[in-house]
Amino acid sequence: MSSVHSDPLHPIAPTGSKPQTDHYTSQKLAITIGFAAVIITALIGIRIGTSGATLLDVLETFWSKIAGTTPTDRATLLKHNVIWELRLPRVLLAILGGAALAVAGVLFQGLLRNPLVSPYTLGIAPAAAFGASLAIVLFGATAGSAAISLVIGALLFSFLNTALVLSLASARQLHATTLILVGIALSQLFGALTACIQYFAEDEVLAAIVRWTWGSVNNSAWYQVLALFVLLALAFPYIRFRSSALNAIAFAGDDSAKSLGVAVSQVRLQTIAIAATLTAVTIAFTGIIGFVGLVAPHIARLVVGANHRFLIAFSAIIGALLLVIADAVGRLVINPGVIPVGIIDALVGAPIFLYLILTRQKAIE
Amino acid sequence: MTLQISSLEVGYGKRQVVKGANLTVEKGELIGLLGSNGSGKSTLIKTIAGINSQTKGTITWNGGTDLTKLPRKDLAKIVAYVPQSIGLSFGLDIREAVLLGRTPYFGTRPRDEDWAHVDAAMQRMGLDELGDRAVTELSGGQGQRVLIARALAQDPEILLLDEPTSALDIRYQWQTLEVARDVTRKNNVAAVIAIHDLNQAARFTDRVVFLQDGVIIAEGRPADVYSPELIKRVYGVDVELSVHKGFVQVHPLSEHGHAQLGLQSGSSGPIREHRPVTQREYATA
Ligand SMILES: Nc1ncnc2c1ncn2[C@@H]1O[C@H](COP(=O)(O)OP(=O)(O)OP(=O)(O)O)[C@@H](O)[C@H]1O
Ligand SMILES: [Mg+2]
């Protein structure tokens with residue numbers, strides 16, 4: 001194969017074993033299968049719901065939207081509208097939100113060299129919750145116009161929090177421990193501020209705040225799907241391009257990564273900004289969906305290994321699957337009621353995670 | 001054709017740790033960096049590797065290139081660094097851990113050439129027999145060997161090793177030092193190794209450099225610079241020297257003036273001939 005191998009005079013040429021070239025067959029297979037699984041569960045997820053649409057109805061809806069035709073009879077039109085305006089954005093938001101949180105989780109865990117880290121470790125969730133609570137207090141607890149102010153409030157404070165964390169920790173060269181500690185401090189701060197609001201709030205407002213913190217895809221809208229899609233489509237190529245730098249930081253540490261030619265502070269700053277944005281935008285739309293950002297990376301590591309070149313994509317797939325399935329289960333259990341995806345996610349995910357920790361130590365260590 | 005360090009000063013915050021170091025390392029030469037804990041060995045090594053930046057002085061390579069001004073990625077193609085300690089947080093495969101050494105050479109996808117270097121380095125450090133285990137499942141010494149293999153895969157012209165043998169059993173201590181010397185010679189690498197074992201330094205390195213409090217206080221061939229006075233000055237320990245198979249050896253003395261590890265002192269000068277024990281003597285002992 002390569003000249004180094006066939007050269008018998010080369011002092012360090014290995015003998016015997018054939019060089020393993022860049023195959024990674026099982027990783028690529030896993031990603032292909034996972035991608036197919038996401039599409040299949042999505043189709044099933046779209047079907048599940050109160051109107052009892054069939055798979056054919058789903059496909060028909062797609063077709064009529066693509067072809068630009070409108071069905072003539074009212075029943076079909078209604079069915080198509082339910083699928084297009086309610087089911088589809090909901091399922092897509094679950095897919096994209098799950099993927100975004102999982103990717104953010106992988107990035108944070110790798111950059112901070114810590115398997116216990118989640119997208120919320122830097123305090124984004126409490127900050128978003130405070131922003132949303134503030135919006136609820138200022139603009140009222142009802143949906144509709146309040147929804148957009150909720151999104152903006154949550155986004156604003158997520159970004160404020162991230163900017164604070166990064167600028168405070170940059171006094172210490174963005175060291176992993178410093179970032180985590182600053183994150184803890186800001187989590188406490190925003191948690192206390194939210195508690196203040198809750199303490200003085202009326203019941204109705206309090207209920208709205210609590211409902212927001214459960215995390216759900218109930219208020220999904222097409223603009224949200226689009227925003228997350230664009231964000232992921234922009235972020236993904238960059239993250240992939242950085243995958244070997246991420247490997248060096250995560251597995252060799254800051255000093256060695258520098259000696260391997262990685263501009264550690266720069267990569268860490270850019271990648272954290274991306275991970276934080278993915279997290280902030282997602283939870284601004286969904287509220288705080290816990291667990292998936294912590295667990296999806298671990299499940300993915302068990303299947304494809306820790307190399308970020310494959311781990312990032314596969315984590316996104318696992319995250320998407322977890323939320324689509326959790327949302328589907330949440331709609332089935334107390335049909336026609338809906339249990340928020342954030343609750344199901346933790347209910348279903350916790351036992352799976354426990355099982356993995358106790359049986360497959362390797363990935364969690 | 002050398003690594004040349006001139007009036008190098010490095011500090012952390014206000015504190016100067018390396019104070020005006022001058023050092024020249026030839027290609028194909030292995031330099032032993034000696035000195036007590038906290039004397040600045042790691043700091044000096046990290047500065048050459050571009051991890052710390054100097055406040056004054058220059059580090060040049062091949063007479064021209066100023067390593068301190070080189071872009072990180074280009075520096076990483078010249079200098080490889082084996083850190084003093086290892087912290088492993090995720091279970092990466094050994095192979096992929098060694099592949100990290102190729103980071104400066106490929107973008108997202110390793111090429112066949114990169115894997116060839118990985119395989120060669122793994123074989124050289126005896127890692128292929130460990131199979132495709134995860135690095136978190138390795139012993140401290142095995143992990144250390146992975147780090148050395150990573151540096152070899154980096155295909156450096158300058159190799160920096162920060163106490164690479166401290167976690168290894170005697171077999172791998174020797175093997176590692178032999179590999180370091182081999183690589184130095186065969187690949188014509190300029191190598192610096194921080195090491196605490198004075199006897200191993202005498203045995204394997206071409207020259208030693210004594211660092212005290214950030215200042216180079218002695219430099220030269222081990223047999224020339226080792227002296228009870230110098231070692232007393234650096235480590236505060238009384239020693240006796242001997243020559244074993246042509247290599248100078250150091251024996252700490254107990255309070256009673258006897259070499260703790262030697263059989264018996266009783267000699268007049270600071271350096272005495274240390275005769276290897278023969279088979280027969282060993283059998284009758
Ligand atoms: N990151 C750091 N920040 C501040 N001071 C440091 C840092 N690293 C090392 N020092 C200080 O610099 C001095 C030299 O440390 P260095 O690690 O270079 O010593 P060393 O010779 O390698 O010691 P050892 O034999 O213990 O490895 C010590 O006094 C140490 O406390
Ligand atoms: Mg040291």
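In the text below, chain A, chain B and the rest are named by the order of the sequence lines, each starting its count at 1. Everything numeric in this text was worked out from a predicted model, so none of it was measured.
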To the nearest 0.5 Å, what is the distance between CZ on A:Arg301 and CG on B:Leu92?
10.5 Å

Any idea which heavy atoms bring A:Leu260 and B:Gly101 closest together, and the distance?
CD2-CA, 3.8 Å

For A:Ser259 and B:Ala76, the nearest pair of non-hydrogen atoms, with its separation, is O-CB, 3.4 Å

Portion of B:Arg150 that has a non-hydrogen atom of chain A nearer than 4.5 angstrom
side chain

For B:Leu99, which atoms come within 4.5 Å of any heavy atom of chain A: side chain, backbone, both, or neither?
side chain

Measuring from B:Glu96:CD to A:Tyr24:OH, what's the distance to the nearest 0.5 Å?
3.5 Å

More than 12 heavy atoms of other groups within 6.0 Å of B:Phe106 CZ:
yes

So, the part of A:Ser244 with a heavy atom under 4.5 Å from chain B: the answer is both

Proximal component of A:Arg240, with respect to chain B [non-hydrogen, under 4.5 Å]
both

Region of B:Leu75 in contact with chain A, defined by heavy-atom distances below 4.5 Å:
neither

Taking every non-hydrogen pair under 4.5 Å, which of A:Asn307, A:Asn247, A:Asp254, A:Val264 racks up the most with chain B?
A:Asn307

Just distance, no hydrogens or angles: give the donor-acceptor pairs under 3.5 Å from side chains in residues 67-74 of chain B, sequence neighbours left out.
unit_1  : atom_1 : unit_2  : atom_2 : d
B:Thr68 : OG1    : B:Asp66 : OD1    : 2.7
B:Thr68 : OG1    : B:Asp66 : OD2    : 3.4
B:Lys69 : NZ     : B:Asp66 : OD2    : 3.1
B:Arg72 : NH1    : B:Gly50 : O      : 3.1

